Colleague: 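Following this message is one structure expressed as structure tokens.
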Amino acid sequence: MERDSTEGGAEELLLEDKVSKLRAGSLPKHELAEAMEVEQEGLVEHQPLEQDDLNFEKWKPKPKPKRTLHEKIDDLKTYLWNAETKEFMGRSGKSWSLILLFYSALYIFLAAMFAGGMCCLMWSISPYAPTYNDRVMPPGMTMFPHVDVAHGFDIAFNASDRSSWRKYAKALEAHLKPYDDGVQDRRNINCEGNTYFKQEDLEESAERKACQFKRSWLGECSGLKDKDFGYSKGKPCILVKMNRILGYLPGQGTPVNVTCGVKKGSTEGLGEVQFFPENIFNLRYYPYYGKLRHVNYSSPLVAVRFPSVQYDTQLHVQCKLNGKGIINDSPTDRFLGSVSFTLEVGA
């Protein structure tokens, strides 16, 4: 304890000595600055607090005076255009010019970069065939008519009620218009045989010829003899076709055929099933070369007629593609190689 008090007294004596020398003006410059700092700290430490310093109310922020609507409008006008400084929205004409110049150059550069990227992309791919098609799945299958896609492929009507089946007949008529015999005679060529119609020897951009598929070949389901497609007689027709795949050769040299049957329940309710012109997809309609080259291509159709379906019975019908390389039992894609629908015919 005595040692601490002794050391403290020595420090005080040393400081007092420096202060006296400071006042006499005999200290070096570096010691002079140190002594002035010490003297200032001493003055601060020993300066008593005034009563006014303890009044914390004066340190609180004063409330801003409320401005009138007229003042606010004047401030807005001044912000939009300051006549004294010649500024528009807080910026001079030079400042706005620099901003517009910067953003114009930025967006022109971005647009040029995007356009250059698109040009390189379009230059590297062919408009006639995909660059990579090694993961193309086997063809899917679709049917007509389908007038209510939200509820699936459901066909339900009463033969005696025209309003219940008219929509199906209209959908079939609209789909078969491009297959009219006169249209096919003008656009396509008459082909024979059952072999692939390959046209690989032509230039890539050359238009390919397409074989005719005439509506009259669909017999009872052509809509030429019976405008109602059998619906007024309780003997409905549907159309099925394979989806188009560029360059695909179905069946690996053997025609792909179509079969239809009851998917769930008894098979007796469906009765006989008729196919027009036959239950195969002829090979002469393949391969398909795409819309740009196969301009007038008409997908081959198979018409399916149900002449002896049991009345007032809901049937779950499935039509399948059968052939080499065809998949028709996929658990994840119900349109891969097959199509399912419900059929209910009333008197």
Side-chain angles (χ1 to χ4, degrees), residues 29-45 47 49-137 140 142 146 148-151 203-208 243-248 288-297 332-333 335-336:
K29 288 184 179 181
H30 67 280
E31 292 186 4
L32 176 62
E34 184 180 353
M36 291 179 66
E37 183 178 354
V38 170
E39 184 176 11
Q40 185 68 25
E41 290 178 356
L43 291 174
V44 172
E45 289 177 359
Q47 185 177 0
L49 290 174
E50 297 181 2
Q51 185 63 29
D52 192 44
D53 295 333
L54 300 177
N55 184 13
F56 297 105
E57 294 294 329
K58 77 171 189 176
W59 302 109
K60 292 183 179 180
K62 295 181 180 180
K64 295 181 179 180
K66 292 185 178 179
R67 296 187 303 165
T68 64
L69 179 61
H70 182 71
E71 291 175 337
K72 293 179 180 179
I73 294 176
D74 288 341
D75 290 343
L76 178 60
K77 290 180 178 179
T78 303
Y79 170 71
L80 293 177
W81 173 248
N82 192 327
E84 296 180 358
T85 60
K86 306 298 182 182
E87 290 180 345
F88 174 69
M89 297 182 69
R91 293 183 180 274
S92 63
K94 180 180 180 181
S95 177
W96 280 114
S97 301
L98 292 174
I99 289 176
L100 292 176
L101 179 63
F102 169 76
Y103 281 105
S104 298
L106 174 64
Y107 286 116
I108 290 173
F109 170 75
L110 293 176
M113 186 172 63
F114 175 77
M118 290 300 296
C119 288
C120 292
L121 176 64
M122 299 305 295
W123 175 77
S124 63
I125 62 176
S126 170
Y128 304 105
T131 305
Y132 304 103
N133 59 357
D134 55 333
R135 296 182 63 84
V136 175
M137 294 294 289
T142 190
H146 54 86
D148 190 2
V149 180
H151 296 87
E203 294 183 3
E204 184 183 33
S205 59
E207 183 177 339
R208 268 57 174 178
N243 293 343
R244 300 177 183 181
I245 299 179
L246 195 89
Y248 182 67
Y288 171 60
Y289 288 98
K291 290 183 177 181
L292 292 180
R293 294 182 292 182
H294 239 152
V295 179
N296 297 321
Y297 181 80
T332 57
D333 189 349
F335 296 109
L336 185 60

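Note that the coordinates shown come from a computational prediction; the quantities given were computed from them, not determined experimentally.
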Colleague: Check Leu292 against Pro127 and note the closest heavy-atom contact, atom names and distance.
Modeller: CD1-O, 3.2 Å
Colleague: How far does NE2 of His294 sit from CZ of Arg208, to the nearest 0.5 angstrom?
Modeller: 8.5 Å
Colleague: First locate atom CD of Glu87, then atom CH2 of Trp81, and finally report the distance between them rounded to the nearest 0.5 Å.
Modeller: 9.0 Å
Colleague: What residues form a side chain to side chain contact (heavy atoms under 4.5 Å, CB included) with Ser205, not counting sequence neighbours?
Modeller: Tyr128, Glu203
Colleague: Can you name the side-chain hydrogen bond (donor to acceptor under 3.5 Å, both in side chains) partners of Asp74, sequence neighbours left out?
Modeller: His70
Colleague: Starting at CZ of Phe88, measure out to CG of Leu80 and round the result to the nearest 0.5 Å.
Modeller: 6.5 Å
Colleague: Can you pull out every side chain to side chain donor-acceptor pair (under 3.5 Å) where at least one residue sits in residues 99-126? Sequence neighbours excluded, please.
Modeller: Ser126-Glu204
Colleague: Using the side-chain hydrogen bond (donor to acceptor under 3.5 Å, both in side chains) criterion, which residues pair with Ser95? Sequence neighbours excluded.
Modeller: Arg91
Colleague: Can you name the side-chain hydrogen bond (donor to acceptor under 3.5 Å, both in side chains) partners of Ser92, sequence neighbours left out?
Modeller: none
Colleague: Looking at Ala129 and Leu246, what are the two nearest heavy atoms and their distance?
Modeller: CA-CD2, 3.6 Å
Colleague: Return the orientation label for the Tyr297 and Tyr288 ring planes: parallel under 30°, perpendicular over 60°, tilted otherwise.
Modeller: tilted
Colleague: Excluding sequence neighbours, so at least two apart, what forms ring pair (Phe, Tyr, Trp, His ring centres under 6.0 Å) with Phe335?
Modeller: Phe153
